[in-house]
Amino acid sequence: MLAAGTAYRCYCSPEELDRMREDQRARGEKPRYDGRWRPEPGKDLPEPPAGVAPAIRFRNPREGVVAWDDLVKGRIEIANGELDDLVIARGDGTPTYNFCVVVDDRDMGITHVIRGDDHVNNTPRQINILAALGARVPLYAHLSMILGDDGTKLSKRHGAVSVMQYDEDGYLPDAVINYLARLGWSHGDEEIFSRAQLVEWFDLDHITASAAQFNTEKLNWLNAHYLKHADDEVLGAEIVRRLGAQGVSTADGPPPARAAALCKDRVGNLNELADAVHAFYVVPHAAPELKAQHLTDGSLAALRDLRGRLAACDWTREALNKAIKETVAAAGVKMPQVAIPLRVVLLGQPQSPSIDAVLEVLGRDRVLGRLDAAL
RNA sequence: GUCCCUAUCGUCUAGAGGCCUAGGACAAUACCCUUUCACGGUAUGAACCGGGGUUCGAAUCCCCGUGGGGACGCCA
């Protein structure tokens, strides 16, 4: 490029360039290289200072416009007069980003450049360099940015910067992919689609041109949906992993997959799922207020009655349900008056999935053991 | 400051000049279901940023304004 005259050496020092930009800003101008080392016909260049390793600058055309038909934003035109001569190689000879990508795209025969909005301004420079190299110009598609929940730029404060954060927060990969894909792209009214459907449907024609705002509530909804339809074994493994991270072993409890099946359609994420099944693996301690409220003389009497029935009961959900209903009838109370104290005793909390299903999954030994400890 | 991009319910979006009395989803509200808490089901409210054009006809095309975003490095 030096030989062809499409690039030239620039001996400006960083301090000199800083001063140049400061002055320009002070005058309300767009900061840019002023071309003092750019060779022109009939122009006298300064004498190269001794001992300075020059940077190489691209000699950007001064006249005309650069234009391309962006696959997302349509035609974009930028006057060459707006572009300055960018450095393509540093004083130490290493190439800069805008030069690297151009050379790499050319060598690899890249046909489509799909990237963030923030690169729109680099595109005309890259097209000019490509032209100087005699290379074919690829197609460009510039995707708009994603803003945080509060409508401002995404940052560390929003917590959505690293994909690993989603894992930590209990999101399923399919939910994250589905949500992110739908944010800024659409396929009619489709809201829920598998990765295979995404691959089949995805196209550049239905990408939104404007910036989208991240909506955690909708992600949560999608995640809950994927959780309901997820494989029990996969969820079981997540329970083992997440409980294990808290130092809780699942070895002495019911199979994690069964616990997952019981709770997966009532939680929003994997951490909540782990919390929901926690009491299956660790003997719970109900809060004193809960005990005072629910473990009255009457309810404890009913539980004693139930304990007797359960001891002789087939351990199936149907039989367990029948036993509970018999206790309810015998005590002359309503279902919640037995079910809730039972939950407090077995799980340490007043809410749970259907109590008969909980008994079934918890298992006879653990149920009777916890009842005996409370009675 | 200069240049570039952008603008439909609170949010994500459908919408390619008449199919729009603007559709779907999240969220909200109400009701239903119910063995608690959830899940789920049904229904309701909610938008074309403003102003000018073009056209028989504009959410859709053009211009201006305003709002939002991005870029102005020997960073990537």
Side-chain angles (χ1 to χ4, degrees), chain A residues 10 12-14 17-18 21 24-33 53-57 70 72-74 76-79 81-84 86-101 116-125 142 144-147 149-153 179-192 205-206 208-222 224-225 227-228 263-268 272 276 294 321 324-325 328 334-344 347 349-358:
Chain A
C10 169
C12 286
S13 67
L17 293 170
D18 284 346
R21 292 191 189 100
Q24 287 162 333
R25 272 186 207 275
R27 271 179 271 133
E29 292 169 16
K30 185 174 184 167
R32 72 228 292 194
Y33 177 65
I56 311 292
R57 285 186 185 271
D70 196 275
V72 173
K73 298 181 183 288
I76 299 178
E77 293 187 4
I78 290 165
E82 291 296 329
L83 274 21
D84 64 356
L86 70 155
V87 169
I88 57 176
R90 304 182 178 89
D92 65 5
T94 57
T96 60
Y97 169 78
N98 275 105
F99 191 55
C100 288
V101 291
D117 223 352
D118 47 340
H119 283 282
V120 167
N121 303 272
N122 289 328
T123 304
R125 306 171 193 282
H142 288 99
S144 53
M145 317 261 52
I146 296 173
L147 275 26
D149 256 327
D150 57 1
T152 64
K153 252 193 301 182
Y179 176 73
L180 254 17
R182 188 67 181 70
L183 195 60
W185 170 82
S186 62
H187 187 263
D189 287 337
E190 300 291 346
E191 294 289 348
I192 296 170
D205 296 333
H206 293 84
T208 313
S210 55
Q213 190 170 316
F214 198 93
N215 187 215
T216 302
E217 286 183 329
K218 188 162 180 182
L219 204 215
N220 290 344
W221 166 75
L222 258 184
H225 168 85
L227 223 32
K228 286 185 198 97
C263 298
K264 68 179 181 180
D265 58 356
R266 30 192 309 116
V267 296
E272 288 175 14
H294 296 291
N321 186 266
I324 296 169
K325 287 198 167 140
V328 167
K334 297 284 189 188
M335 180 64 115
Q337 291 172 268
V338 171
I340 293 180
L342 185 55
R343 287 186 171 96
V344 170
L347 304 173
Q349 57 193 28
Q351 303 100 31
S352 81
S354 282
I355 192 62
D356 49 0
V358 169

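Note that this is a predicted model, so its numbers are computed, not measured. Naming convention: chains lettered A, B, ... in sequence-line order (proteins, then strands); numbering from 1 in each chain.
Of the nucleotides present, B:G10 is the one that pairs with B:C26 by Watson-Crick or G-U wobble criteria, both distances under 3.5 Å. Nucleotide B:C33 is matched to nothing when pairs are restricted to Watson-Crick or G-U wobble geometry with both distances under 3.5 angstrom. If you check B:A47 for Watson-Crick or wobble pairing at under 3.5 angstrom, you find it has no partner at all. Pairing of B:G1, defined by two Watson-Crick or G-U wobble distances under 3.5 Å, is identified with B:C72.
Distance check on atom C1': B:U11 versus B:G18 gives 30 Å, rounded to whole Å. The gap from the P atom of B:G65 to that of B:G57 amounts to 26 Å, rounded to the nearest Å. The same atom, P, is picked in B:A27 and in B:C63; the two are 40 Å apart, to the nearest Å. The separation of B:U54 from B:U21, taken at their P atoms, amounts to 23 Å, rounded to a whole angstrom. Between the C1' atoms of B:A58 and B:U8, the separation comes to 14 Å (whole Å). To the nearest whole angstrom, the two C1' atoms, one in B:G50 and one in B:A7, are 12 Å apart. As rounded to the nearest Å, B:G23 and B:U60 have C1' atoms that lie 15 Å from one another. Remark: the separation of the C1' atoms in B:C48 and B:C20 is 11 Å, to the nearest Å.
In this structure, A:P124 reaches neither bases nor backbone, as no heavy-atom distance under 4.0 Å exists between it and the strands shown. In this structure, A:N220 reaches neither bases nor backbone, as no heavy-atom distance under 4.0 Å exists between it and the strands shown. A:I355 comes within 4.0 angstrom of a nucleotide base, judged by non-hydrogen atoms across all strands. Counting any heavy atom pair closer than 4.0 Å across all strands shown, A:K334 reaches no nucleic acid atom. Counting non-hydrogen atoms under 4.0 angstrom, A:G116 reaches nothing in the nucleic acid.
With hydrogens and angles disregarded, no donor-acceptor distance shorter than 3.5 Å links the side chain of A:N220 to the backbone of A:G268. A donor-acceptor distance shorter than 3.5 angstrom exists from the side chain of A:Q337 to the backbone of A:K334, with no hydrogens or angles considered.
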Does the protein touch nucleotides 65-76 of chain B at the base, only the backbone, or not at all? Give it as B, S and - per nucleotide, heavy atoms under 4.0 Å.
----SBSBSBSB

Give the B/S/- string for nucleotides 15-29 of chain B, one per nucleotide from 5' to 3', where a protein heavy atom under 4.0 Å of the base yields B, of only the sugar-phosphate yields S, and otherwise -.
S-------BBBBS--

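In terms of position along RNA chain B, the nucleotide closest to A:E29 lies nearer the 5' end than the nucleotide closest to the other residue of the pair A:I324 and A:E29. Annotation: of the two residues near RNA chain B, A:Q213 and A:S352, the 5′-most nearest-nucleotide partner is A:Q213.
Taking A:W221 as the reference, nothing meets the ring-ring contact (aromatic ring centres under 6.0 Å, His included) condition, with sequence neighbours excluded. Under the rule for a ring-ring contact (aromatic ring centres under 6.0 Å, His included), A:H294 has no partner lying at least two apart in sequence or in another chain. Legend: residues meeting ring-ring contact (aromatic ring centres under 6.0 Å, His included) with A:H187, ordered by chain and number and at least two apart, are A:W201.
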Would A:I324 and A:M335 satisfy side chain to side chain contact (heavy atoms under 4.5 Å, CB included), going step by step from the backbone distance to the final call?
CA-CA 8 Å; A:I324 296 169; A:M335 180 64 115; 3.8 Å; yes

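Distance check: A:R182 CZ to A:L219 CG gives 13.5 Å after rounding to the nearest 0.5 Å. In this structure, OG in A:S210 is found 12.5 Å from CE in A:M145, a value given to the nearest 0.5 Å. To the nearest 0.5 Å, atom CD of residue A:Q24 and atom NZ of residue A:K30 are 11.5 Å apart. The distance from atom CG of A:N122 to atom NE2 of A:H142, rounded to the nearest 0.5 Å, is 8.0 Å. Once rounded to the nearest 0.5 Å, the distance linking CG of A:N215 with CG of A:D149 reads 6.0 Å. Rounding to the nearest 0.5 Å places OG1 of A:T123 at 9.0 Å from CG of A:N98.
For the pair A:K325 NZ and B:U36 P, the interatomic distance rounds to 12 Å; values are reported in whole Å. Distance A:L222 CG to B:U13 P: 14 Å, rounded to the nearest Å. Atoms NE2 (A:H294) and P (B:U35) sit 18 Å apart, rounded to a whole Å. Rounding to whole angstrom units, OH of residue A:Y179 and P of B:U11 are separated by 12 Å. A:D265 places its CG atom 14 Å from the P atom of B:A38, with the value rounded to the nearest Å. Atom C1' of nucleotide B:A38 and atom CZ of A:R343 are separated by 11 Å, given to the nearest angstrom. Rounded to a whole Å, the NE2 atom of A:H187 is 14 Å from the C1' atom of B:U13. What separates CG of A:D149 from P of B:G10 is a distance of 17 Å, to the nearest Å.
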Sub-3.5 Å pairs of nitrogen or oxygen atoms, protein against nucleotides 42-49 of chain B:
none

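Which of B:C4, B:U35, B:C5 sits closest to the side chain of A:I78 comes down to B:C4.
Under the 90° criterion around 0 for the glycosidic angle, B:C63 counts as anti.
A salt bridge does not link A:D84 with A:R57: none of the charged nitrogens is closer than 4.0 Å to a carboxylate oxygen.
Ring planes of A:Y179 and A:F214: perpendicular class, angle over 60° (limits at 30 and 60°).
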